[in-house]
Amino acid sequence: MNLEETLRAIGTLDQEAMKKAEERWYSIAIPLHSLGKLQDAVVQMAGIFKTTDVHLKKKALVTMCADNGVVEEGISQSGQDVTLIISENFLKEKATATIMCRQVGADIFPVDIGIAADSHLIQHKVMYGTRNMTREPAMTREETIKAIEVGIHMAEELKEKGYEIIATGEMGIGNTTTSSAITSVLLDAPPEKVTGRGAGLSSEGLDRKIAAIKKAIALNRPQKDDIIDVLAKVGGLDIAGMTGVFLGGAALRIPVVIDGFISSVAALCAARMKPEAKGFIMASHLSKEPASAMVLDALGLEGCLTCDMRLGEGTGAVTLYPILDIAIAVYNGMSTFEENEMETYVPLS
């Protein structure tokens with residue numbers, strides 16, 4: 001599907017399936033809503049799958065890897081070469097996300113959507129890194145749409161392979177700068193409020209980062225009501241790719257999990273492009289990045305976990321998988337009040 005076809009294909013959650021899933025929770029022998037967000041997640045998945053038969057036999061992580069031209073402004077502690085090094089580690093099972101995927105029974109799909117060098121990853125390279133957004137738009141509109149459609153394609157491919165849930169992740173030096181710039185535009189917030197230290201910037205480095213964001217926004221004047229324009233002018237290939245994964249997942253009725261701040265910005269872009277897409281998005285955790293809570297609040301979502309994580313790569317999203325497995329196991333396996341010959345709990349006024 002192309003972008004236009006994907007947007008048209010996005011529907012809504014199945015309310016009848018969600019109602020029946022809630023009834024199942026109310027019938028099992030635990031206090032009402034005592035598993036909180038775990039119960040809500042299963043109900044949401046019932047609405048996505050259009051059935052109360054909820055299971056997650058095949059789980060994936062799609063990690064979008066790309067470089068950002070704004071690194072030229074000294075906004076990161078690392079150089080662009082680190083993007084390639086870490087991204088290649090995904091193939092060697094030496095990266096954190098890969099190790100975590102193996103532990104929780106998920107498969108990782110690292111995508112080269114825009115690394116500034118040749119790689120051995122899944123090849124969907126749109127360009128060799130974005131342009132420096134403090135001097136010109138990071139991407140053209142056409143390049144941005146192409147990057148979004150890479151994410152849609154990955155969702156389609158995984159659906160065909162039988163995957164039932166997709167976690168999102170990214171790798172790219174400088175991408176907390178692009179994420180903060182997008183957040184500043186979409187939430188009408190000053191860069192100082194939404195910009196953090198990323199991978200450990202000094203105070204001087206943080207000042208350069210904020211200055212670069214201000215300069216990029218002033219120069220390019222992104223239009224907040226046109227998400228493609230915002231992504232093109234002050235965004236990144238990895239964020240555009242993840243936006244496509246969220247949209248593709250919604251169109252194909254696959255739940256897609258937000259990782260941390262950068263991933264949540266992509267989710268916000270997807271929801272702004274098609275509000276119904278939000279129903280197919282799940283939040284994993286509250287990132288340590290300062291604007292993470294602001295973006296999740298704008299989406300109307302809350303993460304299940306608060307672990308002060310900010311590593312990226314999809315590590316927070318993957319951490320949600322065993323929790324979902326536990327919730328589904330209880331949902332499917334717990335005995336009911338009737339089976340235990342117990343009085344059913346009812347809401348108290």
Heavy-atom closest contact (Ile217 atom, Pro222 atom, distance): O-CD, 3.6 Å
Taking the side chain as everything from C-beta on, heavy atoms only, tell me whether Glu313 gets closer than 4.5 Å to Phe90. yes
Taking Asp112 for its side chain and His120 for its backbone only, find out whether a donor-acceptor pair lies under 3.5 Å. no
Give, for atom CG of Leu186 and atom CG of Asp225, the distance between the pair rounded to the nearest 0.5 Å. 9.5 Å
Arg135: salt bridge (charged side-chain N to carboxylate O under 4.0 Å, His left out) partners, not counting sequence neighbours: Glu72, Glu73
For Asp53, all residues meeting salt bridge (charged side-chain N to carboxylate O under 4.0 Å, His left out), sequence neighbours excluded: none
When Ile, Leu, Val, Met, Phe, Trp and Tyr are grouped by side-chain heavy atoms lying under 4.5 Å apart, directly or through other members, which residues fall in the same group as Tyr128? none
Pairwise side-chain hydrogen bond (donor to acceptor under 3.5 Å, both in side chains) hits with a residue in residues 261-271, at least two apart: Thr168-Ser263
Leu311, Leu61: one ILVMFWY side-chain cluster at the under-4.5 Å cut-off? no
Quick check against the 3.5 Å criterion: does Arg208 have a side-chain atom that pairs as donor or acceptor with the backbone of Ser76? no
How about Asn89 and Ile86: do any of their side-chain heavy atoms sit closer than 4.5 Å? yes
Distance-only check: which donor-acceptor pairs under 3.5 Å involve side-chain atoms of residues 226-238, not counting sequence neighbours?
unit_1, atom_1, unit_2, atom_2, d
Asp226, OD1, Arg141, NH1, 3.4
Asp226, OD1, Arg141, NH2, 3.3
Asp226, OD1, Ile228, N, 3.3
Asp226, OD1, Asp229, N, 3.3
Asp226, OD2, Arg141, NH1, 3.0
Asp226, OD2, Arg141, NH2, 3.4
Asp229, OD1, Lys233, NZ, 3.2
Asp229, OD2, Gln223, N, 2.7
Asp229, OD2, Lys233, NZ, 3.3
Lys233, NZ, Asn220, O, 3.2
Asp238, OD2, Asn175, ND2, 3.0

Grab the two heavy atoms, one from Ala298 and one from Leu187, that are nearest each other, plus how far apart they are. CB-CD2, 3.7 Å
Can I get a per-line list of side-chain donor-acceptor pairs under 3.5 Å for residues 12-23, giving both atom names and the distance, sequence neighbours left out?
unit_1, atom_1, unit_2, atom_2, d
Asp14, OD1, Glu16, N, 3.0
Asp14, OD1, Ala17, N, 2.9

Validation row: Ser179, Ile239 side chains within 4.5 angstrom (heavy atoms): yes
When you measure from the side chain of Ser287 to the backbone N and O of Arg310, does any donor-acceptor pair fall under 3.5 Å? no
Hey, what do you get for OG1 (Thr83) to CG (Asp81), rounding to the nearest 0.5 Å? 8.0 Å
Non-hydrogen side-chain atoms of Gln39 and Ile30 separated by less than 4.5 Å: yes
What is the minimum heavy-atom distance between Ser292 and Leu286, and which atoms define it? OG-CD1, 3.8 Å
So, taking the atom named CE in Met154 and the one named CE in Met242, what distance separates them when rounded to the nearest 0.5 Å? 13.5 Å
Cluster membership besides Leu121, Ile/Leu/Val/Met/Phe/Trp/Tyr side chains within less than 4.5 angstrom, sorted by chain and number, is Leu84, Leu91, Ile115
Testing the 3.5 Å rule here: is there a donor-acceptor pair between the side chains of Ser180 and Lys209? no
When you compare the side chain of Thr134 with that of Leu219, does any pair of heavy atoms fall below 4.5 Å? no
After noting the C-alpha distance and the side-chain angles of Leu158 and Ile254, does the key distance pass the side chain to side chain contact (heavy atoms under 4.5 Å, CB included) rule? CA-CA 10 Å; Leu158 293 177; Ile254 303 173; 5.7 Å; no
Which residues share a salt bridge (charged side-chain N to carboxylate O under 4.0 Å, His left out) with Glu192, sequence neighbours left out: Lys214
Between Thr178 and Thr130, does the side chain to side chain contact (heavy atoms under 4.5 Å, CB included) criterion hold? Intermediate values first, please. CA-CA 11 Å; Thr178 53; Thr130 58; 5.8 Å; no
Where Thr6 and Asn2 come nearest, the two heavy atoms and their spacing: OG1-O, 2.8 Å
Mind listing the closest non-hydrogen atom pair of Ala181 and Met133 along with its distance? CB-CE, 4.0 Å
Strictly by side-chain hydrogen bond (donor to acceptor under 3.5 Å, both in side chains), give each pair with a member in residues 153-167 just once, sequence neighbours left out. His55-Glu164, Asp107-Tyr163, His153-Glu157, Glu157-Lys161
Report the C-alpha distance between Met273 and Leu3 in whole Å, list the side-chain angles of each, state the deciding distance to 0.1 Å, and finish with yes or no for side chain to side chain contact (heavy atoms under 4.5 Å, CB included). CA-CA 10 Å; Met273 292 178 74; Leu3 177 56; 3.9 Å; yes
What do you reckon, is CD of Glu4 surrounded by more than 12 foreign heavy atoms closer than 6.0 Å? no
Should we count CZ of Arg221 as having more than 12 external heavy atoms under 6.0 Å? no
The test is side chain to side chain contact (heavy atoms under 4.5 Å, CB included); show your working for Leu320 and Cys304 and say whether it passes. CA-CA 8 Å; Leu320 183 66; Cys304 287; 3.9 Å; yes
Below 4.5 Å, heavy atoms only, C-beta onward: do Tyr321 and Ile165 meet side chain to side chain? yes
So do the side chains of Ile258 and Leu296 get within less than 4.5 Å of each other, counting heavy atoms only? yes
Nearest 0.5 Å, please: how far is OG1 in Thr319 from CG in Asp259? 8.0 Å
To the nearest 0.5 Å, atom CE of Met171 lies from atom CD1 of Ile262 at 9.0 Å
Quick check on side chain to side chain contact (heavy atoms under 4.5 Å, CB included): which of Thr98, Val62, Val318 does Ile108 satisfy it with? Thr98
Spell out, as yes or no, whether a donor-acceptor pair under 3.5 Å connects the side chain of Ser184 to the backbone of Ala189. yes
Listed by chain and number, what are the ring pair (Phe, Tyr, Trp, His ring centres under 6.0 Å) partners of Tyr331, not counting sequence neighbours? Trp25
Whether over 12 other heavy atoms sit under 6.0 Å from Glu302 CD: no
Among residues at least two apart in sequence or on other chains, which ones pass salt bridge (charged side-chain N to carboxylate O under 4.0 Å, His left out) with Glu143? Arg131
How about NZ on Lys288, more than 12 heavy atoms from neighbouring residues, nucleotides or ligands closer than 6.0 Å, or not? no
Return the CD1 to OG1 distance between Ile213 and Thr195, rounded to the nearest 0.5 Å. 3.5 Å
Pairs where residues 272-285 contributes a residue and the test side-chain hydrogen bond (donor to acceptor under 3.5 Å, both in side chains) is met, not counting sequence neighbours: none
When you look at NZ of Lys50, are more than 12 heavy atoms from neighbouring residues, nucleotides or ligands closer to it than 6.0 Å? no
Under a 4.5 Å cut-off applied to non-hydrogen side-chain atoms, are Met45 and Met282 in contact? yes
